[in-house]
Amino acid sequence: MDVVANEGETARHATNELLFHLFVSIGIVFVILVLFLGLKNAANAAFCIPMVLGIVFVVAFVFGLDINRITLFALILSLGILVDDSIVVVENNARHLAERGRDGRTKKQAILDSVREVGVSIVLSTVTRIMSFLGMFAVTGMMGDYMGPIPVFAAIALTASLFVAFSINPFLAHALDRGHGHHEEKDSPILVHYAEFLKKYVGSGKRETARRKWLKPVFWISLALVVSLPIALDVFRARMLPKADKDQVYLWIDLPRDRKADDSEKIAKAASDVFLDRNGELPEELRAASSVSDTSGERFLPDFANLFRGSQNRSGEYQSNLRITLSEKRELSSEEYVIRIRPIVREKLLAAYPDAKIRLLEDPPGPPTMATFHVKLKGEEGLPTESLVRFAEAAESVIRNVADEKGIEDLENSLSSALPKFRVRLDNEKMAERGVDTASVEGALATFFSETRVGTLETDGLAPEPENVVVTVPKKFREDASSIGAITVKNRNGQIVRIDEIATVVPDYAGSERHTENRSPTVHIYAEIGANSVVYPVLALYGEFETPEFAAKYEKVGSGPYGIEFVGTEDGKKYRLEWGGEWELTMDTFRDMGLAMILSLLAIYFLVVGEFKSFRVGGIVMMTFLFSFFGIFPGFALLNLVSGVYFTATAMIGAIALGGIVVGNAIILLDYVTQLRESGKSWEEAVVEGSKKRVVPVLLTSAAAVLGSIVIAADPVWSGLAWAIAFGLSASALLTLFLVPVFFYDLKLRVGESSHPEH
């Protein structure tokens, strides 16, 4: 017995892998904390991880929230972020406790001063992180349900981390401290060099002013180039979701509608022979199929993805459905396997069955669609079927012109083959002359074309059972007009009369199957995408439908992201081409996530404005999101060149999350700078000293978030999220430590604030 599918085992394996990644992420974060803070402070900060996870699971239990794969991804994503609050509090506590020997404060007073110093900025930065995730609720449809647990569990975890940072971490700092502080605090060489570099731009002298004058235009020009060049050079590429590495693929075969189950079984067996390499012709790496299950003339075992493809309708005798189970020890991923074996399968099967329609399908990594590449062709109300078919054939011809170049595979349409039939036209006069009635003719034809049970037969064996004896006319006679004409009936006098004596037998064809969408007649064109993203064939086709050859028949009169409008040059009728499949899903998802990003950033901006009482300071803080582009665009361009990695929907989730993470770094930095200014320091001193004191918290929290999420970079679906955070946060953290202090200082001078405080 072969196991065709074991979804429980698949889910168990995926969950165990995620749990492993979660523990690895915890270990990485702890090691980073030890390197930066020392063992005692690292243990204090890392204590928040089990506490927060425990709170999350308790809240999930109380409110009946499911713990699933997406939940675990949300926790892994937020793991590096949820220690941020504890890192800032613990690092600031350690600094104040070390300084208390100089100012004579008690441990309790030093810790209270420390928490008070960073309290507002920590609350604000945590709220911005939560808001960046909550914007994901704007995503609609199945993709919204798919990623729905992410903002819920991220918000719970971040809220819990804030509670731990303000309650447990200060308590542990007080309990673990055994020293009495010291009188001098010596900066590391790195911080000394950082401060010297910052002073070249922070100051009211001519040199500093000149450097700041050129800094902003250089920044904006660099930002424009870093975004536009990878796109223009076609090295930054986008797709909805990367293909997943699954243990099964599917083959759908459609023969002409007049074929029977015997023919379907033959081509299914031929396909099985190819996949299982029964003839010994496949290369070693393509001998990856461990078993093949097939059905002909009936539905295959249903699953979620294939139900969206219409598998429930594939029950015709002319249709075969195969499920190819791949070995766990194979060398190639399922995507690579499909790309390489597809031309071999098509060559073998089409050589013997040239009129077959063949589709080799993969399991989608996320929400399923009818096909990866899907075009819906429609016409105005009342349009004749023949006109719609001609439009569909013309559109398909254009698509086939770019199919090979753009990786469009297994291109087929929903125009079924015509079904052969015969029309028997009775001659009433001849029937009356020979005494034959219509009922006799109908009965004879029904017997000829159907199976007739004539008796039963006892079988041999220990438990004999009767089996039906069925008589049927061979297929070759049922498809021959002369054989039909030779059918005989008895007239009222008992005489034998042939059908061709009283009727004319005319070969004919039944109409093709008709498909509708929202009650509108529709022709579907569907295909799979090979080593490419559906984005690029569709973008190319917008131009192809304007070529002189196609425009001579159908003039383009309008277009949008979801379709193109045409008018027939000969009949003046209106036609519409609509994009479906992964393109439609991509447009919906990126539209919703783009809206989520805008809403999140606006909410964060006004929150920052309220804290700093300045729209311009809010703008400087929000620029940290733009800083992340210096990592995201070159990073994904490099990944695409090296290993073909695309910027995906999950990468955009990471980019949205960055909106709250990177803004938090700027808030913590500028809040402390403002406090130093209020304590009586000049703007130069406040900016340089405040930035220097916040280098370790900014770099440490960023490193924890980057390395905490990078453990899921090997996952085919969520790797984009990990890389987006790794590239974006790394670039933004470094640029924040330089550009934010400089821009902030320049703003304060330009609005007329004195460099030195009033006395």
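The figures that follow rest on heavy atoms only: side chains count, while hydrogens, waters and symmetry mates do not. For this chain, numbers begin at 1 and follow the sequence in order. None of these values were measured; they are calculated from a predicted model.
- Proximity of Val123 to Phe166: side-chain heavy atoms (C-beta onward) are separated by under 4.5 Å at one or more points.
- Checking Asn92 against Ser114 by side-chain atom types alone, a donor-acceptor pair falls below 3.5 Å.
- Between Ala195 and Val688, the closest heavy-atom pair is CB-CG1, 3.9 Å.
- Atoms CD1 and OG1, on Ile55 and Thr159 in that order, are 10.0 Å from each other to the nearest 0.5 Å.
- The distance from atom CD1 of Ile122 to atom CD of Glu117, rounded to the nearest 0.5 Å, is 10.0 Å.
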Practice problem: Applying salt bridge (Lys or Arg N to Asp or Glu O under 4.0 Å), run through Glu208 and Lys200 and close with a yes or a no. | Solution: CA-CA 6 Å; Glu208 293 87 348; Lys200 294 181 179 180; over 6 Å; no

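- Judged by the 6.0 Å distance and 45° axis criteria, Arg239 is positioned over the aromatic ring of Tyr646.
- Under the 4.5 Å side-chain criterion, counting only non-hydrogen atoms from C-beta, Tyr536 is in contact with Asp234.
- Listed by chain and number, the residues in a salt bridge (Lys or Arg N to Asp or Glu O under 4.0 Å) with Arg207 amount to none (sequence neighbours excluded).
- The two residues Leu669 and Pro741 have their closest heavy-atom pair at CD2-CG, 4.1 Å.
- Within a 6.0 Å sphere centred on CZ of Arg616, other residues, nucleotides and ligands contribute 12 heavy atoms or fewer.
- Note: Trp583 and Tyr542 have tilted aromatic rings, judged against thresholds of 30 and 60 degrees for the angle between ring planes.
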Quiz item: Hey, mind stepping through Phe197 and Phe738 against side chain to side chain contact (heavy atoms under 4.5 Å, CB included) and telling me if it holds?
Solution: CA-CA 9 Å; Phe197 177 73; Phe738 170 54; 3.5 Å; yes

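- Under a cut-off of 6.0 angstrom, the local environment of OH in Tyr562 is crowded, with over 12 non-hydrogen atoms contributed by other residues, nucleotides or ligands.
- Between Trp220 and Leu626, some side-chain heavy-atom pair lies under the 4.5 Å cut-off.
- Between the side chain of Glu685 and the backbone N or O of Ser682 there is at least one donor-acceptor pair closer than 3.5 Å.
- Sparse packing is recorded around CD1 of Ile190, with 12 or fewer heavy atoms of other residues, nucleotides or ligands lying under 6.0 Å away.
- Tyr672 does not carry Lys693 over the face of its six-membered ring by the limits of under 6.0 Å from the centre and within 45° of the normal.
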Self-check item: Residues Asn665, Thr624; criterion side chain to side chain contact (heavy atoms under 4.5 Å, CB included); working and verdict
Solution: CA-CA 9 Å; Asn665 289 334; Thr624 56; over 6 Å; no

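- Counting heavy atoms from C-beta on, the side chains of Leu670 and Phe612 come closer than 4.5 Å.
- Judged by distance alone, the side chain of Ser628 and the main-chain N or O of Phe625 form a donor-acceptor pair under 3.5 Å.
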Practice problem: Report the C-alpha separation of Asp671 and Glu611 in whole Å, then their side-chain angles, then the decisive distance to 0.1 Å, and conclude whether the side chain to side chain contact (heavy atoms under 4.5 Å, CB included) test is met. | Solution: CA-CA 9 Å; Asp671 182 68; Glu611 168 62 20; 3.9 Å; yes

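- Here the closest non-hydrogen pair linking Gly660 and Ser132 is N-CB, 3.5 Å.
- The side-chain heavy atoms of Pro189 and Tyr194, taken from C-beta on, include no pair separated by under 4.5 Å.
- Without hydrogens or angle criteria, Tyr605 side chain to Phe615 main chain gives a donor-acceptor distance under 3.5 Å.
- Taken from CE in Met131 to CG in Leu607, the straight-line distance is 5.5 Å, to the nearest 0.5 Å.
- The shortest distance between side-chain heavy atoms of Val621 and Phe744 does not fall below 4.5 Å.
- In summary, of the residues considered (Thr126, Val127, Thr128), a side chain to side chain contact (heavy atoms under 4.5 Å, CB included) with Ile130 occurs for Thr126 alone.
- Considering only residues two or more places apart in sequence or on other chains, Asn44 meets the side-chain hydrogen bond (donor to acceptor under 3.5 Å, both in side chains) condition with Asn169.
- For the side chain to side chain contact (heavy atoms under 4.5 Å, CB included) criterion with Arg129, the lone passing option out of Asp85, Val663, Leu658 is Asp85.
- When every heavy atom of Ser691 is checked against every heavy atom of Val687, the shortest pair comes out as OG-O, 2.6 Å.
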Quiz item: Under the side-chain hydrogen bond (donor to acceptor under 3.5 Å, both in side chains) criterion, do Glu91 and Asn41 qualify, and how do the steps go?
Solution: CA-CA 8 Å; Glu91 191 273 340; Asn41 291 324; over 6 Å; no

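- Closest of all the heavy-atom pairs between Ala165 and Ser86 is CB-N, 3.9 Å.
- Side chain of Lys216 to main chain of Lys213: no donor-acceptor pair is present (N/O by atom type, distance under 3.5 Å, no hydrogens or angles).
- With hydrogens and angles disregarded, a donor-acceptor distance shorter than 3.5 Å links the side chain of Arg212 to the backbone of Gly203.
- Looking only at side-chain heavy atoms (C-beta outward), Val115 and Asn93 come within less than 4.5 Å of each other.
- With contacts defined as side-chain heavy-atom distances shorter than 4.5 Å, the pair Ile87/Thr701 qualifies.
- A centroid separation of 6.0 Å or more is found between the aromatic rings of Phe647 and Trp723.
- With hydrogens and angles ignored, the 3.5 Å screen pairs a side-chain donor or acceptor of Lys107 with a backbone N or O of His174.
- Relative orientation of the Phe629 and Phe633 rings is perpendicular, given thresholds of 30° and 60° on the angle between their planes.
- Formation of a donor-acceptor pair under 3.5 Å by the Ser161 side chain with backbone atoms of Leu158 is found in this model.
- Going from atom CG of Asp113 over to atom NZ of Lys108 covers 12.0 Å, rounded to the nearest 0.5 Å.
- For the pair Ser730 (side chain) and Phe727 (backbone), a donor-acceptor distance under 3.5 Å is absent.
- Partners of Glu196 according to the salt bridge (Lys or Arg N to Asp or Glu O under 4.0 Å) rule, which considers only residues two or more places apart in sequence or in another chain, are Lys199.
- Here the closest heavy-atom approach between residue Gly728 and residue Ile632 is recorded as CA-CG1, 3.8 Å.
- Here the CD1 atom belonging to Ile231 is positioned 12.0 Å from the CZ atom belonging to Arg237, to the nearest 0.5 angstrom.
- Checking side-chain atoms of Thr589 against main-chain N and O of Leu585 turns up a donor-acceptor pair under 3.5 Å.
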Self-check item: Residues Arg677, Ser679; criterion side chain to side chain contact (heavy atoms under 4.5 Å, CB included); working and verdict
Solution: CA-CA 5 Å; Arg677 170 65 173 180; Ser679 69; over 6 Å; no

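- Taking CG of Leu734 as the reference point, atom CG of Leu699 lies at 6.5 Å (rounded to 0.5 Å).
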